[in-house]
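Heads up: the structure comes next, in structure tokens.
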Number of protein chains: 2
Amino acid sequence: MLRIGKLTDYATVVLASLAEEPARHRAAAELADRTRLSHPTVSKVLKGLQRAGLVVSSRGAHGGYGLARPPEQITAAQILDVFEGPIAITECSGAGSQCGIERQCRVGGAWQRVNAAIRRALEDVTLRQLAGLDSGALRIADLASEIRVHGI
Amino acid sequence: MLRIGKLTDYATVVLASLAEEPARHRAAAELADRTRLSHPTVSKVLKGLQRAGLVVSSRGAHGGYGLARPPEQITAAQILDVFEGPIAITECSGAGSQCGIERQCRVGGAWQRVNAAIRRALEDVTLRQLAGLDSGALRIADLASEIRVHGI
DNA sequence: TCTTAAGTGGACGAGTTTAGTCCTATTTGC
DNA sequence: GCAAATAGGACTAAACTCGTCCACTTAAGA
Ligand code: FES
Ligand code: FES
């Protein structure tokens, strides 16, 4: 149903790899090796993440990338924003939207609420959780995933 | 961030239009007029919805489309499924996925949980709510939208 | 100082997906 | 039989995604 781009998926994998040892910096080539992705692609992903402020970089020989913050302070929503852009679930949201039928359509508002709800859910998920580093990580399948929307 | 296709958006608008008077059938041309969309597009959308079982059709002169069920029995998730397909939030989910790095990647599981959470949220939203027909519809902006994910 | 290993930025093209239109066949009411 | 309507599918044009590549910059170390 809903889809995120491959780039975002790659970003998650790369970040998860970095999260294993948050203190250490790693070169793009090393990350490419660990994640089994091609070097140019990992490089592109990291460039985006750096511009977004999720990772910090050091140039020159012995350079590399590291997490800008501890894994529990990086959320899925932040990762999504990097490559998916600020686009909302529907075209008709926010300023400058050229929907054309906004007048006779009351649907827009409801979708935006759904959108906001999803966003909040994504903000509750941290990189630490995505990377499976949480204490309860191994029992992940047993935990109850409870999600609820009130008053859409 | 996450995006749904225009077709899905159109489908919602058309269904909302049908939901205003669930009992009556309407021709595609009339719906096109109401929604300010082009006739071929509305037609395509309705064909899809019919195949998915969300609307029923009658052919021949004086034919038209009507909701297959009352608006409160049609969910946002069902509408999404029609045009967005069964694809999940990431490529690496379910059978036949050719991710290639599944082995060294623990991220997949977490994304699937996020995906499931979003899906449940969408299943809680009915067409009646999307169309703004609910009793509290006019106060929609005041209601608290509460969404939460536990134990991702 | 010079070399080399890294990141930075942007451009590019192939491939895929989406959106919208059109045409033809089929069904039904008059 | 004719007109009005849906059904199905083919088709094209446009948009977007992805992955790659190249020229440039920065810094470490011999
Ligand atoms: S479809 Fe654009 S505002 Fe409703
Ligand atoms: S990226 Fe495919 S399983 Fe993790």
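Numbered from 1 within each chain, the chains take letters A, B, ... in sequence-line order.
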Checklist entry - Looking for any heavy atom pair under 4.0 Å, which part of the strands does B:Ala29 touch: base, sugar-phosphate only, or nothing? => result nothing
Next on the checklist: In this structure, how many angstroms lie between the P atom of D:dA28 and the CZ atom of A:Arg59, rounded?
Outcome noted: 12 Å
Checklist entry - Rounded to the nearest Å, what distance is computed from the CG atom of residue B:Leu37 to the P atom of nucleotide C:dT21? => result 10 Å
Next on the checklist: Nearest whole Å is fine: how far is C:dA5 C1' from A:Arg26 CZ?
Outcome noted: 18 Å
Item to check | Spacing between A:His25 atom NE2 and D:dT26 atom P, to the nearest angstrom | outcome: 19 Å
Checklist entry - Yes or no on side-chain contact (heavy atoms from CB on, under 4.5 Å) for B:Gln129 and B:Thr126, after CA distance, side-chain angles and deciding distance? => result CA-CA 5 Å; B:Gln129 292 169 319; B:Thr126 71; 3.5 Å; yes
Item to check | Sugar-phosphate, base or nothing in reach of B:Leu46, heavy atoms under 4.0 Å | outcome: nothing
Item to check | Rounded distance (nearest 0.5 Å) linking atom OG1 of B:Thr12 with atom CG of B:Leu127 | outcome: 8.0 Å
Item to check | Under 4.0 angstrom between A:Ser38 side-chain N/O and D:dT20 OP1 or OP2 | outcome: yes
Next on the checklist: Would you say B:Tyr10 places a side-chain N or O within less than 4.0 Å of OP1 or OP2 belonging to C:dG20?
Outcome noted: yes
Checklist outcome for this item: The single option from A:Ile79, A:Leu46, A:Leu67 that satisfies side-chain contact (heavy atoms from CB on, under 4.5 Å) with A:Leu54 is A:Ile79
Next on the checklist: How many whole angstroms separate atom CD of B:Glu84 from atom P of C:dT18?
Outcome noted: 8 Å
Next on the checklist: Here's a test for you: under side chain to side chain donor-acceptor pair (under 3.5 Å), which of B:Glu123, B:Gln73, B:Arg69 qualifies with B:Gln78?
Outcome noted: B:Arg69
Checklist entry - Would you call A:Glu30 and A:Arg24 a salt bridge, taking side-chain N to carboxylate O under 4.0 Å as the test? => result yes
Checklist entry - Of the nucleotides C:dT8, C:dG20, D:dA7, which has the atom closest to the B:Gln50 side chain? => result D:dA7
Checklist entry - Whole Å only: how far is the NZ atom of A:Lys6 from the C1' atom of C:dT17? => result 12 Å
Checklist entry - Of the candidate nucleotides D:dG19, C:dT21, C:dA6, which contains the atom at the shortest distance from the side chain of B:Pro40? => result C:dT21
Next on the checklist: Rounded to whole Å, please give me the gap between CZ in B:Arg51 and P in D:dA7.
Outcome noted: 9 Å
Checklist entry - Of the nucleotides D:dA7, C:dT21, D:dG29, which one has an atom closest to the side chain of A:His62? => result D:dG29
Checklist outcome for this item: Taking C:dG7, D:dA4, D:dA7 as options, the one with an atom nearest any side-chain atom of B:Tyr65 is D:dA7
Item to check | Base D:dG19 to side chain A:Lys44, donor-acceptor N/O within 3.5 Å cut-off | outcome: yes
Checklist outcome for this item: Whichever of B:Ser58 and B:His39 has the more 5' nearest nucleotide on DNA chain C, that residue is B:His39
Checklist entry - To the nearest Å, how far apart are B:Lys47 NZ and C:dA19 C1'? => result 14 Å
